[in-house]
Structures are given as C-alpha cells and as structure tokens.
Amino acid sequence: MDFSANRLGFDMGGNRVSLAKWLAQKGHDVWALEMRGSSLSFHPNYRKDRSVRQYDFDTYIERDLPAAISFILQKTGSKKLHYVGHSMGGMLLYSYMSLAKSHMDQIASGTTIGTSITFYQSSSRYADFLPFKSFAEKVPFLVEIFVPHGLVSKLVAAFVGYWNDSPIEFFQCNPSNTDADIVRKLYKFGFHSIPVKLMFQLASTITDPMGMKNRAGEKCYLQGYVEQINQMVEANQIRDVPPVMLLGGTKDVQCPPVAIERMAGYLKEVYPEEKLRVQFLGKSHGHEDDYGHFDLLVGKRVEREVFPEIEFWVNKAESSP
C-alpha cells in the first residue's frame, strides 16, 4: 500500500523484482492490498454518486483496512498477520493500531518502509503540496475533485531515465540505484488519482509536530499510538506489544531520514527496546548506493540488501515467545 500507488511496487510482475514473490518463495503466505480507487480495487462511480468522493485517510483506517485484515485472517485461519507497508501504507498501520488495542492484537509484527507519520521540519517534498491546499480551501468545488496523479505519472514515464538530475525523477527514486525500465513501468502503471480530501488530511503530517491528524483535526494518530503502547507497558502486557521496524532510505526526499528519526524518537520513549528497530539504507550505512523512496522496493540490490531485513524481522517475531 502506498500514497496513490497500487500493488506494483510490491510485485513488478514477470521475472522482475517482487517483494511479494520473494517472501512467498521463502514460505510466507503473502497478500497484496490495494486501497479503494487503485488498480484492481473498488473504483467508485464519482459521476453518479457524489458521496463516494468524500473518502480520505480516515476512511482507509476505519473501513477499508479493518475489512481487509479481517478477511485475510478469516481466510487463513490465523489470529495475527505480519504487516509490511510502504509510505502511506506504513502510516495506515500506526494509525490503525492507535484506534484500539484489539487492532494491535491482530498484528504479529510491523515493517514500515519509507514511512513516518510526521514530516514536521523535515524538508520532505510533501511540503510542495501545501500551497495547493491553501488555494483549494478557498474554492469549495475543488474539495471534491481528484488530483490526476496517475495521468501525470503516465506522461512522465516516457522521459524516465533521460533526466537523472531532475527533482521529478528523484521524487520517487534515486536514478543511480534503480533500473530505468523498472521505474518507467512504475510511473506508467503504478499510480492513480488522489482525492483532494486525502491530500488535505496528509497536510497535517507537515504542519503538526506529531503529524497525521484525523479529519476533524482533533486527534493525533501518533500520540494515540504512543499512548496505546504506554498503557500496555504499564499494564505489564509487553508480550502483546507488536514489534515494529522502520526502514528508511538515505536519499528519500519524500520521507527523509530526519522524519523517521523524529517518529522513532517518540516511539523510543515508550517502546520496549527489543521490539523496536530503525534501519537506514545507504552508503553511510554500508550499502552500495543511497536509497530513495521506491528504491526500497524496486532498487537494483533490494534482494540482497532490503528484503532479507524484512524477512529477518518477520522471522524474529515468529520465534519470539
């Protein structure tokens, strides 16, 4: 799961890079989730029913994610699942778990990739969208439209690999760490339109020190998550705290390392040390190249440098008492 993206980042198809297939080959039962409006998921009929235009981040964690998790657990007969989320997919995990302890009880482990709930003072390129929010708030009908991110990405796809120094290309990947044909396919088929309401809510990750808030602006999901963990620790329920790992790229301009470090700082205040791990991928951490946002899923060396980290975390949680 990702902000405006479909499953392609997790499975490029054919013989190309695929975290989903890599984990499946290791013996894991893998499910790839696409949020509403993306690829094979439900596509609301916006012209016939204006109400379906109103979905946002809260819709995902209150309706879509609970339904998907319950479905998977029912089909597999499992009590818990291991959750791997990229970008907004990771935001959804922390926010979902903040809502109730019963949600945490469904998570065996969490791995979030290129994710933070707060980008406050982080130089994230998400801040580039703030002027649009200010403008759209003054024009009521814009609140119900969708930003054609998918269409724009398709147009950009033809130029991928030919402007390696451009901010547009660096927005998704570090060109030196990805194959142009893989990134071209990602741009062409991997993204979809974004509800303006969703963008409005995501703006709180930039403007608020603790990041993402609910649609009413009265609840901070990171604060709720920290409080849930703290309550479990104080109640001597450490065993039930889901272990989480935060993976980040040193050249990720969407989710810069400082954003992950800020979020990790909040978690370290309450999290049991053995259940929290923060790992950055890049030259300064012993890797062959620096990782951008989608490099963490489709980079040249992910099968050697990234995927084993994810499986290690899953297996560690499986073997824990």
Side-chain angles (χ1 to χ4, degrees), residues 1-25 30 32 34 38-40 84-90 112-115 123-126 128-129 147-194 247-257 260 279-310:
M1 294 177 293
D2 187 20
F3 174 50
S4 86
N6 56 32
R7 70 190 184 284
L8 202 61
F10 288 91
D11 181 17
M12 294 299 293
N15 296 321
R16 302 189 180 195
V17 61
S18 170
L19 173 58
K21 289 180 180 176
W22 192 91
L23 288 172
Q25 290 169 357
V30 182
E34 294 180 314
S38 296
S39 194
L40 300 178
V84 180
H86 176 254
S87 196
M88 192 182 74
T112 58
I113 308 168
T115 293
S123 73
S124 169
R125 288 289 303 280
Y126 282 137
D128 295 347
F129 296 105
V147 177
H149 186 207
L151 175 60
V152 173
S153 295
K154 283 180 172 61
L155 296 174
V156 170
F159 302 97
V160 169
Y162 300 104
W163 49 9
N164 288 351
D165 294 329
S166 75
I168 294 178
E169 191 138 344
F170 264 102
F171 185 73
Q172 299 291 8
C173 302
N174 175 10
S176 69
N177 196 32
T178 48
D179 292 321
D181 64 325
I182 293 287
V183 181
R184 200 171 292 120
K185 181 177 180 179
L186 183 67
Y187 269 83
K188 190 173 183 180
F189 301 110
F191 300 100
H192 300 271
S193 296
I194 308 166
L247 291 181
T250 53
K251 282 289 181 70
D252 189 340
V253 300
Q254 293 189 44
C255 184
I260 294 178
Q279 175 69 48
F280 291 104
L281 293 106
K283 292 179 179 179
S284 59
H285 296 271
H287 304 99
E288 291 191 35
D289 205 343
D290 290 307
Y291 278 76
H293 196 58
F294 265 95
D295 308 16
L296 295 163
L297 292 178
V298 302
K300 292 178 180 178
R301 287 167 285 272
V302 288
E303 293 186 354
R304 185 171 76 250
E305 296 182 337
V306 183
F307 295 177
E309 298 283 353
I310 298 171

Closest contact, heavy atoms only, [X] versus [Y]:
{"X": "Glu305", "Y": "Leu281", "value": "O-CD2, 3.4 Å"}
{"X": "Ser87", "Y": "Tyr126", "value": "OG-OH, 3.4 Å"}
{"X": "Ser18", "Y": "Asp11", "value": "OG-OD1, 3.1 Å"}
{"X": "Pro257", "Y": "Thr250", "value": "CG-CA, 3.9 Å"}
{"X": "Val298", "Y": "Val302", "value": "N-CG1, 4.1 Å"}
{"X": "Pro175", "Y": "Cys173", "value": "CD-O, 3.3 Å"}

Looking at side-chain heavy atoms only, is the closest gap between [X] and [Y] below 4.5 Å?
{"X": "Asn174", "Y": "Asp289", "value": "yes"}
{"X": "Phe191", "Y": "Asn6", "value": "no"}
{"X": "Glu303", "Y": "Trp22", "value": "yes"}
{"X": "Lys300", "Y": "Asp179", "value": "yes"}

Side chain to side chain contact (heavy atoms under 4.5 Å, CB included) between Val253 and Ser124, intermediate numbers included: CA-CA 6 Å; Val253 300; Ser124 169; over 6 Å; no
Return the [atom1] to [atom2] distance between [X] and [Y], rounded to the nearest 0.5 Å.
{"X": "Leu247", "Y": "Gln279", "atom1": "CG", "atom2": "CD", "result": "6.5 Å"}
{"X": "Thr178", "Y": "Asp295", "atom1": "OG1", "atom2": "CG", "result": "5.0 Å"}
{"X": "Met12", "Y": "Lys185", "atom1": "CE", "atom2": "NZ", "result": "5.0 Å"}
{"X": "Tyr291", "Y": "Asp252", "atom1": "OH", "atom2": "CG", "result": "13.0 Å"}
{"X": "Leu23", "Y": "Leu19", "atom1": "CG", "atom2": "CG", "result": "4.5 Å"}
{"X": "Phe307", "Y": "Leu296", "atom1": "CZ", "atom2": "CG", "result": "10.0 Å"}

Sequence neighbours left out, what passes salt bridge (charged side-chain N to carboxylate O under 4.0 Å, His left out) with Arg184? Give chain and number order.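 For Arg184, no residue satisfies salt bridge (charged side-chain N to carboxylate O under 4.0 Å, His left out) once neighbours in sequence are set aside.
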Under the salt bridge (charged side-chain N to carboxylate O under 4.0 Å, His left out) test, which residues partner Lys251, sequence neighbours left out?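 With sequence neighbours excluded, Lys251 shows a salt bridge (charged side-chain N to carboxylate O under 4.0 Å, His left out) to Asp290, given in chain and number order.
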Show your working on side-chain hydrogen bond (donor to acceptor under 3.5 Å, both in side chains) between Tyr187 and Gln172 and close with a plain yes or no. CA-CA 9 Å; Tyr187 269 83; Gln172 299 291 8; 5.1 Å; no
Are His86 and Phe294 close enough that their ring centres sit under 6.0 Å apart?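 So the answer is yes for these two rings.
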Check the orientation of Phe280 and His285. Use parallel for under 30°, tilted for 30 to 60°, and perpendicular for over 60°.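 Taking His285 first and then Phe280, their aromatic rings sit tilted (interplane angle of 30° to 60°).
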May I ask you to say whether Arg304 pairs ionically with Glu288, meaning some side-chain N is under 4.0 Å from a carboxylate O?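 So Arg304 pairs with Glu288 through a salt bridge.
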Do side-chain atoms of Thr115 reach the backbone of Ile113 as a donor and acceptor pair under 3.5 angstrom?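 Present.
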Please check if the number of heavy atoms outside Lys188 that lie under 6.0 Å from its NZ is greater than 12.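 Counting neighbours around NZ of Lys188, 12 or fewer heavy atoms of other residues, nucleotides or ligands fall under 6.0 Å, so no.
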